[in-house]
Amino acid sequence: MLDPQLLRANPENVKLEMNRHGADLDLALLNSLESRRKDIQVKTQTLQSERNTRSKSIGMAKAKGEDIQPLLDSVSQLGDELKAAEAELNDIQAELLAIQLTLPNILSADVPDGKDEEQNQLVRTWGEPKKYDFEVHDHVELGEQLQGIDFEAGAKIAGSRFVTLSGPLARLQRALTQFMLDTHTDSHGYRETYVPYLVNKESLLGTGQLPKFEEDLFKIGDESPYYLIPTAEVPVTNLVRDEIISADDMPLKFVSHTPCFRSEAGAYGRDVRGMIRQHQFEKVELVQIVKAGESDAAHQQLTADAENILQALNLPYRLMLLCSGDTGFSSTKTLDLEVWLPGQDAYREISSCSNFGDFQARRLKARWRNPDTGKPELVHTVNGSGLAVGRTLIAVMENYQQEDGSINLPDVLLPYMGGLKSIKL
RNA sequence: GGAGAGAUGGCAGAGCGGUUGAAUGCACUAGUCUUGAAAACUAGCAUGGGUUAACGCCCAUCCAGGGUUCGAAUCCCUGUCUCUCCGCCA
């Protein structure tokens, strides 16, 4: 959520920022709501104040044993008027809130303008895509040959966009998860965190998936529904909802491995082949809760922490700065890591690292107490995948494939593979 | 699933329907004392919002949402969560 003060003080400018981030702001509507809000709030509070002083004087008169009937008569119609004013104020504030909740974050000044991923900016590349002197296969072919990936079984058990893994490839996914968690906890200073995979509405409102992106989520139940988490970002970031964090505990750095569930509505034709885009996938997520001035540095560091995993696995990748049109709703700035996939002859997203500024914190009421002022201040939130495990599995398979269809294992994974050095049929 | 108890400020914990945003203790901040620290003493110390050039004034908030009342932390209803006991269970 944007700072309401900013919205009031400089609505024209906010409108431009919204346009840049692919949203619109109806200034006429906003202005009329704002001016009504102002009038009615003042009116309501005046009536409340009036009621309070009168009620107080009734109490005092009663204590002295005076006749309070005339006083009671004099407030009789105040109540109705107040009730009406309060109801009207409630409605307007709900309307204003509804608008505010659908406005995206203001983009960082260094985010390039652009429509879609075509306009994302290359920051740097790492590693060289390997040259193969044989015909490369994608992970679907490799996985089926090795009898470790079964899309038909996934489709039978659940439906399209589900998969089953088995044998050494299933273990490889677990090994990758373990390796990522160990690296982030032991070397990068994150605290391992286990969280619910079902969350309530409030949590999704806090991180910004709701109210706007409900169709991307799996929902369970009607009256007080649960939602399957689309990313660990949701439960982990909500750890600090309604909290005031003491300065000594800042920054908070969490790492969490969870399955993620996305309905992928609106992605009908995209990535139908293979494990790239599934309804259910594993991800190791990094989340940092930091002081306002420190989120840019934290964003850089968190991205580097994710890059470390790719480097340790010796997977070629590139770092992209997302353009305005491709940057997510809650983000001020997003850096994507794209891994090289020989089977697709392309770089594909494997991590998305975002700085949210105070946008999520305002929705979450997540604050820290600044010892200099003694006052609570909104935190900044930063997160990113470190990494998407399913896509990392694909990347390892495709990059480490051998001519005979076997897959060599990266050195760092060997301790997790129980003596296995290569996966073959 | 059944029975009961509870939810109050950073924490602990009071609070006959009436001048209670809320006693007290702890923690925290500042001061006095001390060579310094501790102790003791003194003072300060919730959050969000409205309005104002500012000092300030005002409003809301005692789990959440409704209700009763001139007036609700206090009474009533609904929900959520926590605890205890019984049943079931990985």
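Naming convention: chains lettered A, B, ... in sequence-line order (proteins, then strands); numbering from 1 in each chain. Computed from a prediction, not measured in an experiment: that's the story for all the values here.
- Proximity of A/Lys38 to the phosphate of B/U51: a side-chain N or O atom is located under 4.0 Å from OP1 or OP2.
- Residues A/Phe218 and A/Tyr227 keep their aromatic ring centres 6.0 Å or farther apart.
- When distances are taken from the side chain of A/Met60 to each of B/C70, B/U51, B/U19, the shortest belongs to B/U19.
- Residue A/Asp248 contributes atom CG, which lies 17 Å from atom P of B/G10 at whole-angstrom precision.
- Between B/U20 and B/A72, the distance separating the two C1' atoms is 11 Å to the nearest Å.
- Using the Watson-Crick or G-U wobble rule with both distances under 3.5 Å, B/A46 pairs with B/U61.
- In this entry B/A54 has no Watson-Crick or G-U wobble partner, no candidate having both defining distances under 3.5 Å.
- Atom CD in A/Gln69 sits roughly 10 Å away from atom P in B/C70 (whole-Å rounding).
- Counting to the nearest Å, the P atom of B/U80 and the OH atom of A/Tyr226 are 10 Å from each other.
- At a threshold of 4.0 angstrom between heavy atoms, the contacts of A/Pro371 with the nucleic acid are absent.
- B/U8 sits 14 Å from B/U82 when the P atoms are compared, rounded to a whole Å.
- Under the Watson-Crick or G-U wobble criterion, with both distances below 3.5 Å, B/G6 is paired with B/C81.
- Comparing B/U51, B/U68, B/C70 by their closest approach to the side chain of A/Lys83 singles out B/U68.
- Straight-line distance from the CG atom of A/Leu97 to the P atom of B/G48: 17 Å, rounded to whole Å.
- Checked against B/C70, B/U51, B/G49, the side chain of A/Gln41 finds its nearest nucleotide in B/G49.
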TODO: List the steps, then state whether side-chain hydrogen bond (donor to acceptor under 3.5 Å, both in side chains) holds for A/Asn52 with A/Ser55.
DONE: CA-CA 5 Å; A/Asn52 290 346; A/Ser55 291; 5.8 Å; no
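- Among the protein residues, A/Lys62 comes within range of the nucleic acid bases, having at least one heavy atom under 4.0 Å from a base atom.
- Residue A/Lys365 has no polar side-chain atom (N or O) positioned under 4.0 Å from OP1 or OP2 of B/U61.
- As a whole-Å value, the separation of A/Asp358 CG from B/G48 C1' is 16 Å.
- Using a cutoff of 4.0 Å between basic side-chain nitrogens and carboxylate oxygens, A/Glu34 and A/Arg37 are scored as salt-bridged.
- Among the protein residues, A/Arg362 comes within range of no part of the nucleic acid, since none of its heavy atoms lies under 4.0 Å from any strand.
- The same atom, C1', is picked in B/C81 and in B/C75; the two are 23 Å apart, to the nearest Å.
- Residue-level contact check: A/Gln5 touches the backbone only, with heavy atoms under 4.0 Å from sugar-phosphate atoms and none from bases.
- Between A/Asp138 and A/Arg273 there is a salt bridge, with a side-chain nitrogen of the basic residue lying less than 4.0 Å from a carboxylate oxygen of the acidic one.
- The distance between atom NZ of A/Lys201 and atom C1' of B/G79, rounded to the nearest whole Å, is 15 Å.
- Classification of A/Glu264 and A/Arg277 as a salt-bridged pair holds, one side-chain N sitting under 4.0 Å from a carboxylate O.
- Close to B/C59, at under 4.0 Å from its OP1 or OP2, lies a side-chain N or O of A/Ser49.
- Between A/His184 and A/His188, the ring planes lie tilted relative to each other; the angle falls in the 30° to 60° range.
- Residue A/Lys375 places at least one side-chain N or O under 4.0 Å from the OP1 or OP2 atom of B/U47.
- Along RNA chain B, the nucleotide nearest to A/Thr53 and the one nearest to A/Val75 differ in position, and the one closer to the 5' end is contacted by A/Thr53.
- B/A73 and B/C16 have their C1' atoms separated by 14 Å, given to the nearest Å.
- Contact annotation: A/Arg369 does not reach the phosphate of B/C45 (side-chain N/O to OP1 or OP2, under 4.0 Å).
- As rounded to whole Å, 15 Å separates atom P of B/U47 from atom CD of A/Glu243.
- Within the shown strands, nothing qualifies as a pairing partner of B/A73 under the Watson-Crick or G-U definition with both distances less than 3.5 Å.
- Taking atom C1' in both B/G2 and B/C76, the straight-line distance is 25 Å, to the nearest Å.
- Searching all strands for a Watson-Crick or G-U wobble partner of B/G17 with both distances below 3.5 Å returns nothing.
- The shortest distance between the side-chain N/O atoms of A/Asn52 and the OP1/OP2 oxygens of B/C59 is below 4.0 Å.
- A distance of about 26 Å separates the P atoms of B/C70 and B/A22, rounded to the whole Å.
- For A/Lys56 and A/Gln45, each mapped to the nucleotide of RNA chain B holding its nearest heavy atom, the one lying further toward the 5' end belongs to A/Lys56.
- Residues A/Asn105 and A/His21 have side chains that never bring a donor and an acceptor to within less than 3.5 angstrom of each other.
- Straight-line distance from the CZ atom of A/Arg54 to the P atom of B/C58: 17 Å, rounded to whole Å.
- No engagement by A/Lys64 is indicated, since no non-hydrogen atom pair under 4.0 Å with the nucleic acid exists.
- Separation of the P atoms belonging to B/G36 and B/U32 is 11 Å when rounded to the nearest angstrom.
- Separating the C1' atom of B/G21 from that of B/C62 is a span of 9 Å, rounded to the nearest Å.
- Base-pair partner of B/G36: not found among the strands shown (Watson-Crick or G-U wobble, both distances under 3.5 Å).
- Between A/Phe281 and A/Phe261, the distance separating the two ring centers is not shorter than 6.0 angstrom.
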